[in-house]
Every structure is written in C-alpha cells, then in structure tokens.
Amino acid sequence: MPLYRPLLIMRSVCAVVLALAAASFSSADSDMHRPRHDSNLEIYKRLFETKRKDQLNALKNLVELNDINQQYKIIDIMLKGLFKVLEDSRQILVAANMHPDDPFPMDDKIKEAYSHVVENTAFFGDVALRFPRIVHHYYDRNADWGGLLRWGLNFCNQTGVFTGGAHQHVLTLMSQELGITEKSPDFMNPYRTERDDVLHTAEAFQKILREEEKRRRKEEKRKEIRKGPRISRSRNEL
C-alpha cells in the first residue's frame, strides 16, 4: 500500500476532528431577530447534519484502509487531538457559565466551543463503534478521558441537537459499548466484525499488531531484494 494513502486518510480524519465550525454560523449571525432558543438551534441542527456526513465520509476511508497497524497509529493521533479539543471547549463553556439547555449561543467563541463538544462527541461515538478494540485499548486506560466523555455525553443529551434523531442512537450505543451505561439485554454493536472478536483480548490485539509489523518489514525487504540485483548487475557491466 502506498505510504501517501494512510497519510491522506490521517489528515482528513484529523481535519474533521480539529476543524473550526465558527464560519458555518454566518447565516445565524446575520439574522439576530430570530428567537435564540428556537430558530438558531434549528439552523445549527441542519449544519450539524452536514458536518456529520463529512465525518462519516472521513471515517469510511479509515475503515477501508484495512491495515490495523496504520489504523492504530491514525486513531492514536486522532483521539489525542479529539480529547484535547473537548477539554479546551469544556473550559470555555464552563467559564462562560454555558449550560447545554440554554438558548443557542451567539458569541463566536462560545458557539465554536459548543459545536466542538457536540460534533466531536458524536464523532468519537462513530470511532468507538467501528473500532471498539482499538478505542478500548486507549480509553480504558485513561481516567481523564472517561470523565471528559461523560461530561460531553451529558452536555450533548441536554442540547436538543440529538433528540429524536439517528445520532442519538450513536451516543446510546457508544455509552453501552464503553461501559458508561449498563448494556441493555438486546445490546449489539452493529459495526462489530469477526475481526473485532479476535481482538477481544489485549494479547490477541498485540499479537496482530506484531504480525502486521513483521509482514510490513518482510514486504519492504522483498522490495529491496528485487531492486538490489538489477543495480548490482548494471554496476558490474560498467
């Protein structure tokens, strides 16, 4: 697999996590006479749907990469960035005394923090459901992330952005997958595959990573061997 593809996927996924959303609200800013608690939230919910499509497209590329070693590295970088954004956004919202059930914010800085919490929490749910073993590997070992995600989920569930939509289901499934809430008797992660079941234990997970790394090294060595003799012959002829 060409090296540039994983790099492009990593850039696209990380860009989704870190992208600023403030520019998306120009239509709301230009119409200040609308009721803040009603129409501005509805405008944001439509913009949120567009952002979710971008997130899922980026995630699709990561799933299709089909290289656990590269997926591991990309998700590692992505999660660190995602939780940094969540923490920074939480600090802004707390400092502004912004509650999730308040009227939709009009201040640019608060609006940006609000959107980052909502969008990145939803995106983390997508990642956790599609890459449960990799996410558990990081999330289960980081108590700070656990507390931050619980805060983010609580915030999202009270905003009204997710009410009655398919994205609420993502939050519910993610909460059960990660053990934040108790699993319902009929719980099933619709994205879990047979490969995820193989990765059920940390030992199996690490074994696959080692095997993937060994395979990549062998492939690189074979390429060097194929190139080597041709170069040697040309030098002897000279």
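Quick caveat: nothing in here was measured; it's all calculated off a predicted structure.
Between Thr163 and Gln168, the side chains place no donor N or O within less than 3.5 Å of an acceptor N or O (distance only, hydrogens not considered).
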Problem set entry | Pair His169-Phe162, ring pair (Phe, Tyr, Trp, His ring centres under 6.0 Å): steps then yes or no | CA-CA 9 Å; His169 191 52; Phe162 294 83; over 10 Å; no

Exercise. Is there a side chain to side chain contact (heavy atoms under 4.5 Å, CB included) between Val135 and Leu178 once you walk through the steps?
Worked result: CA-CA 9 Å; Val135 170; Leu178 296 179; 4.2 Å; yes

For this session: Before giving the answer on side-chain hydrogen bond (donor to acceptor under 3.5 Å, both in side chains), spell out for His136 and Asp140 the whole-Å C-alpha distance, their side-chain angles and the decisive distance to 0.1 Å.
Result: CA-CA 5 Å; His136 273 291; Asp140 294 351; 3.0 Å; yes

For this session: Please assess Phe104 against Val161 for the test side chain to side chain contact (heavy atoms under 4.5 Å, CB included), listing each intermediate value before the final yes or no.
Result: CA-CA 10 Å; Phe104 187 80; Val161 173; over 6 Å; no

For this session: Apply the test side chain to side chain contact (heavy atoms under 4.5 Å, CB included) to residues Leu62 and Arg130: give CA-CA distance (whole Å), side-chain angles for both, the deciding distance (0.1 Å), then the verdict.
Result: CA-CA 10 Å; Leu62 184 58; Arg130 286 165 177 79; over 6 Å; no

Problem set entry | side chain to side chain contact (heavy atoms under 4.5 Å, CB included) evaluation trace for Gln71 with Ile134 | CA-CA 9 Å; Gln71 289 171 337; Ile134 298 178; 4.3 Å; yes

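Atom CD1 of Ile74 and atom CG of Leu65 lie 5.5 Å apart (nearest 0.5 Å). In this structure, CG on Asn61 lies 11.5 Å from CG on Leu56, to the nearest 0.5 angstrom. Atom-to-atom distance recorded for Ile92:CD1 and Met98:CE is 12.5 Å, nearest 0.5 angstrom. We find the CG-CZ distance between Leu79 and Phe124 to be 6.0 Å, quoted to the nearest 0.5 Å. To the nearest 0.5 Å, atom CG of residue Leu149 and atom CG of residue Asp144 are 12.5 Å apart. Note that CD of Glu112 and CG of Asp88 are 10.5 Å apart. Values are rounded to the nearest 0.5 Å.
At least one side-chain heavy atom of Leu86 sits under 4.5 Å from a side-chain heavy atom of Phe83. Inter-residue side-chain proximity for Asn40 and Pro103 is flagged as unmet; no heavy-atom pair is nearer than 4.5 Å. By the 4.5 Å heavy-atom criterion applied to side chains, Phe155 and Leu93 are counted as neighbours. Counting only heavy atoms from C-beta outward, the side chains of Tyr191 and Val63 never approach each other to under 4.5 Å.
Electrostatic pairing of Arg52 and Glu49 does not count as a salt bridge here, judged by no charged N lying under 4.0 Å from a carboxylate O. A salt bridge is absent between Glu87 and Lys84: the closest approach of a Lys/Arg side-chain nitrogen to an acidic carboxylate oxygen does not fall below 4.0 angstrom.
Lys109 NZ: 12 or fewer foreign heavy atoms inside a 6.0 Å radius.
Residues Ser89 and Ala113 share a closest heavy-atom pair of CB-O, 3.6 Å. Here the closest non-hydrogen pair linking Ala128 and Glu177 is O-CG, 4.3 Å. Of all non-hydrogen atoms in Thr159 and Cys156, the two that sit nearest each other are OG1-O, 2.8 Å.
The cationic atom of Lys111 (NZ for Lys, CZ for Arg) does not lie both less than 6.0 Å from the six-membered ring centre of Tyr114 and within 45° of the ring axis.
Residues Tyr138 and Ile180 share a single hydrophobic cluster, defined by chaining ILVMFWY side chains whose heavy atoms lie under 4.5 Å apart. Placement of Val94 and Val85 in two distinct hydrophobic clusters is found when ILVMFWY residues are connected by side-chain heavy-atom separations under 4.5 Å, directly or transitively.
Remark: side-chain polar atoms of Gln176 are not paired, donor with acceptor, to backbone N or O of Asn189 under 3.5 angstrom. Although no hydrogens or angles enter the test, the distance criterion places a donor-acceptor pair under 3.5 Å between the side chain of Asn120 and the main chain of His116.
Under the ring pair (Phe, Tyr, Trp, His ring centres under 6.0 Å) criterion, His167 pairs with Phe48, not counting sequence neighbours. With sequence neighbours excluded, no residue satisfies ring pair (Phe, Tyr, Trp, His ring centres under 6.0 Å) with Tyr139.
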